[in-house]
Amino acid sequence: MSVWNYVVTAHKPTSVSHSCVGNFTSPNQLNLIIAKCTRIEIHLLTPQGLQPMLDVPIYGRIATIELFRPHNETQDFLFIATERYKFCVLQWDAEKSELLTRAMGDVSDRIGRPTDNGQIGIIDPDCRLIGLHLYDGLFKVIPFDNKGQLKEAFNIRLEELQVLDIKFLHGCVKPTIVVLYQDNKDARHVKTYEVALKDKDFVEGPWSQNNLDNGAGLLIPVPAPLGGVIIIGEETIVYCNANATFKAIPIKQSIIRAYGRVDPDGSRYLLGDNTGTLHLLVLTHERERVTGLKVEYLGETSIASSISYLDNGVVYVGSRFGDSQLVKLNLQADASGSFVEVLERYVNLGPIVDFCVVDLDRQGQGQVVTCSGAFKDGSLRVVRNGIGINEQASVELQGIKGLWSLKSSFNDPYDMYLVVSFISETRFLAMNIEDELEETEIEGFDAQTQTLFCQNAINDHLIQVTANSVRLVSCTSRELVDQWNAPAGFSVNVASANASQVLLATGGGHLVYLEIRDAKLVEVKHAQLEHEISCLDLNPIGNNPQYSSLAAVGMWTDISVRIFSLPDLELIRKENLGGEIVPRSVLLCTLEGVSYLLCALGDGNLFSFLLNACTGELTDRKKVSLGTQPISLRTFSSKGTTHVFASSDRPTVIYSSNKKLLYSNVNLKEVNHMCPFNTAAFPDSLAIAKEGELSIGTIDDIQKLHIRTIPLNEQARRICHQEQSRTLAFCSFKYNQTSMEESETHYIRLLDHQTFEFLSTYPLDQYECGCSIISCSFADDNNVYYCVGTAYVIPEENEPTKGRILVFAVEDGRLQLIVEKETKGAVYSLNAFNGKLLAAINQKIQLYKWMLRDDGSHELQSECGHHGHILALYTQTRGDFIVVGDLMKSISLLVYKHEESAIEERARDYNANWMTAVEMLDDEAYIGAENSYNLFTVRKNSDAATDDERARLEVVGEYHLGEFVNRFRHGSLVMRLPDSEIGQIPTVIFGTINGV
């Protein structure tokens, strides 16, 4: 493996940390701006809903975003500060439709202790200054000048060291901040300061309030004319202001971290708590005096990290732990007493705590099953690569044998008719004025028999091929213009046509070629072949889109595909396919300017050839397996480019990228027939016949990730797949919140890997939680087991002092406990290791062997171990080598010696890295991720001269990802084809907290 590794994200971050609403793109447009870790998304509010406008990457992890409007400006500016103390001010340029950076800079200090409670970035409501709280005891001020430009920043000493929140008050003559802080006796108070810009100092503010609720954590400044501030605690909500107004109400205990203002005057606020409950807080007021507070329950949402009220009762709820939502607040409650109605969900994969790569269809196409979300929003997500077809309409129809679309005239841009063929009849559907499909008649067509082929022809004609005739029908009058009849005693088996030519095969190997000339069907040539014909195609691939000079023919008996020249039906090329299986569908097509012949067999295999359109030469033969059933091929166009759809039990879209053929799965089960159906109501759509139904769907972007959600209502922590028992097992825990205390219960759950239904659950003991899970088998035992490592997390202990290793077998879809082994610490990691079990327990690595007792039961017996880590959190093995990721001491390499049955350290990285995940890329190179959001690779120096160098793992690659990686796994999301060059590159997938 080369030293160079290539990092790419298959899925952008989806966990939402901040959102805000304002007029950013123009003075009269309302925008929603969402921050997702390293990206900013700008949406436009339209009557139809949210419309995405822009998605921009930011070099840095976003810590705060605020919208503000400087003096003399008609639209808002966006202020962004990142975790590494950089900031910028962005403005939208409507003429060029791009973002302009109005200001940027670095606000870091050489000394100072970063705040424990995260950065705070706030902007004075009258746009006199920006305030930042980045380090304990310091408040940084960036003043504005009269023109709205930023001037040089300066720090002001802040006496309060444990700051929980800071906000600017509204309606003050001088800029005034309100500070919520905790003193050294753990009591919480609020203080106000005026910022004197000239003296660069604070002046004691107009009021303060001591001894608040011990859980107070959030300040909400109330706009003028009311002014003042709301202090949100865990058990009370308090309003106070400069006129010594003090109002308080008790609330049910909850931790509220997100709020959104509803009215511009600040009389109503939405509050979101840590259980995903949404409340409305109302300030009752007379004239300009607050007379009281009221809290009303609205309903359930995802656990909110940000709440933005948009308009007309529509609210955006951004979430880190679950899907973000667009919800509508109704005036009347529904049956369950909730006023919240979810309009749209935005999928969020974060935080991905663990995942496994499974190949459910055994097709070399990996699917990733992730443990996503947290608390009640926990879920499993199945991520797969492929093409999505979004169903627009469907109707039940049994026994469809073929589908074609027709236009009402040759040059009409849209399709009008859908021809649906059955075994003994043909039905015609048409789009009516209301854009609905309804049954119609085309008088000149034969509706009493099965149609073999339909096509629009030149000079506004339609062609229909049936078993006994070819009909030419006028588009305008819909009447029969000309007819060619099959010879007596013969019937047409297969047929194909384009705008000016018809090719058909009758029994006995007869090949008949017709042309359309002056509204007549003219039989031009007839050839007798030695075998029966199984499929035909004459899709024009030359310069003339209405006429083909080549025809492709698939044969029975000798299993070949042949290229004939037209109009004289001369055999140019014969290609034997080999094997026993008959070609069922051939297609001539041009993708990205390259001509191909595709030939699909009855067993789901597909041959592709490069075709010389002039000479008919076939080169570069390749074979891929797309399914197990016969395939039929059709071209369709999407966004102006041509692609091929292969209908079978595993429908596939064949498309070209960089002049290479690529294959992408479609998110449908079995498809029997498909044709393009491009109408005004459903542009660029496909008509698809499945078992018992006909549906019309639009196709989305080629190569996109599809995500399926299995909501758990609890948080999954570790997951693993076992192919032999066709199951997935995962460790999860549920929060139970009673009025007095909250407790967690931990489980091991078993799921069917195809349907994802729950099969079995094994509850763990009190305080016990699952830390690791693997599927493995042992030496001298053919069964496959799930092994789970646990830890007892007892509140009084700093480190777990005991844990268990549990070995389960899956019997009749249930988890049976076979063996349990107590350990002296938390089992952070488990690995199958040469038929034994390798466990990382607190600071040591322990190897267990599988022993058969006299009574026929098994036990785990300790064989050897290795000490010398701080906490061995992550282990990976390959052969006799073990790579350990330590809590603080980076990566070390151990080796197991069979003769001595001992584990020794071979080499280590001497840098101090706090590891979050490790994986072995190959025997020599290992990759690690650490808690400063970096990836790095190390290599062992096996050929170094001195022992000293051999004992050192050399860092060969470093990459700043900006994401916290929880897990690496070998695997790939793209379909692996046996004959492709890319199949040989080892790939590793990683999952992060933000859902990358």
Side-chain angles (χ1 to χ4, degrees), residues 494 496 498 501 503 505 511 529 531 533-545 547-566 569-627 630-636 641-648 650-664 975-983:
V494 283
S496 179
N498 58 39
Q501 300 161 287
L503 187 65
L511 191 60
L529 306 183
H531 302 301
I533 294 163
S534 66
C535 50
L536 303 168
D537 186 58
L538 38 98
N539 190 27
I541 53 170
N543 304 335
N544 183 348
Y547 186 90
S548 172
S549 57
L550 296 175
V553 178
M555 306 294 290
W556 287 86
T557 317
D558 71 346
I559 318 289
S560 66
V561 58
R562 307 181 183 197
I563 303 286
F564 288 89
S565 66
L566 297 176
L569 285 187
E570 289 291 321
L571 178 65
I572 302 178
R573 176 73 195 255
K574 174 180 165 187
E575 178 82 31
N576 285 320
L577 301 173
E580 320 260 298
I581 312 291
V582 180
R584 286 297 181 89
S585 178
V586 284
L587 181 68
L588 301 161
C589 60
T590 304
L591 306 177
E592 282 195 322
V594 181
S595 298
Y596 296 96
L597 168 69
L598 301 176
C599 176
L601 307 187
D603 62 353
N605 281 321
L606 176 82
F607 285 95
S608 65
F609 302 92
L610 284 179
L611 172 70
N612 183 326
C614 306
T615 65
E617 281 299 300
L618 297 177
T619 50
D620 195 22
R621 165 170 164 162
K622 286 188 175 154
K623 178 180 171 183
V624 283
S625 161
L626 296 183
I631 298 176
S632 74
L633 301 166
R634 283 300 260 286
T635 56
F636 69 98
T641 45
T642 303
H643 309 299
V644 177
F645 192 100
S647 312
S648 76
R650 301 259 327 279
T652 305
V653 168
I654 304 162
Y655 64 102
S656 172
S657 170
N658 299 330
K659 310 223 166 169
K660 270 190 178 155
L661 283 189
L662 296 173
Y663 303 84
S664 195
M975 195 153 162
R976 286 303 175 76
L977 303 173
D979 55 357
S980 69
E981 307 91 81
I982 53 167

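Values in this document were obtained by computation on a predicted structure and should not be read as measured data.
Using a 4.5 Å heavy-atom cutoff, the side chains of L503 and L569 are in contact. Side-chain contact between L597 and D537 is absent, with no heavy atoms from C-beta onward closer than 4.5 Å. Side chains of L536 and L538 form no contact here, defined as non-hydrogen atoms less than 4.5 Å apart. Under the 4.5 Å side-chain criterion, counting only non-hydrogen atoms from C-beta, I533 is in contact with M555. In this structure, D558 and N576 have side chains that are in contact, with non-hydrogen atoms separated by less than 4.5 Å. Between V553 and V561, every side-chain heavy-atom pair lies at or beyond the 4.5 Å cut-off.
Checked by atom type and distance alone, the side chain of S648 never pairs as donor or acceptor with a backbone atom of G604 at under 3.5 Å. With hydrogens and angles disregarded, a donor-acceptor distance shorter than 3.5 Å links the side chain of T652 to the backbone of R650.
Counting only residues at least two apart or in different chains, salt bridge (Lys or Arg N to Asp or Glu O under 4.0 Å) contacts with residues 579-598 are absent.
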Please report the C-alpha distance between L601 and V582 in whole Å, then the side-chain angles of each, then the deciding distance to 0.1 Å, and finally whether the side chain to side chain contact (heavy atoms under 4.5 Å, CB included) criterion is met.
CA-CA 6 Å; L601 307 187; V582 180; over 6 Å; no
Apply side chain to side chain contact (heavy atoms under 4.5 Å, CB included) to T642 and T590, showing your working.
CA-CA 8 Å; T642 303; T590 304; over 6 Å; no
Please report the C-alpha distance between Y663 and L606 in whole Å, then the side-chain angles of each, then the deciding distance to 0.1 Å, and finally whether the side chain to side chain contact (heavy atoms under 4.5 Å, CB included) criterion is met.
CA-CA 11 Å; Y663 303 84; L606 176 82; 3.8 Å; yes
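In plain terms, the two heavy atoms of P583 and S560 that are nearest each other are CG-O, 3.9 Å. Of all non-hydrogen atoms in S548 and L566, the two that sit nearest each other are O-CD1, 3.6 Å.
The side-chain contact (heavy atoms from CB on, under 4.5 Å) test with L550 singles out one residue from N612, I563, N539, and that residue is I563.
To the nearest 0.5 Å, atom CD1 of residue I654 and atom CG of residue L633 are 6.0 Å apart.
Remark: L610 pairs with V594, Y596, T619, D620 by the side-chain contact (heavy atoms from CB on, under 4.5 Å) rule, at least two apart or across chains. Residues forming a side-chain contact (heavy atoms from CB on, under 4.5 Å) with T641 (at least two apart in sequence, or on another chain): H643.
Judged by distance alone, the side chains of D603 and N605 do bring a donor and an acceptor atom under 3.5 Å apart.
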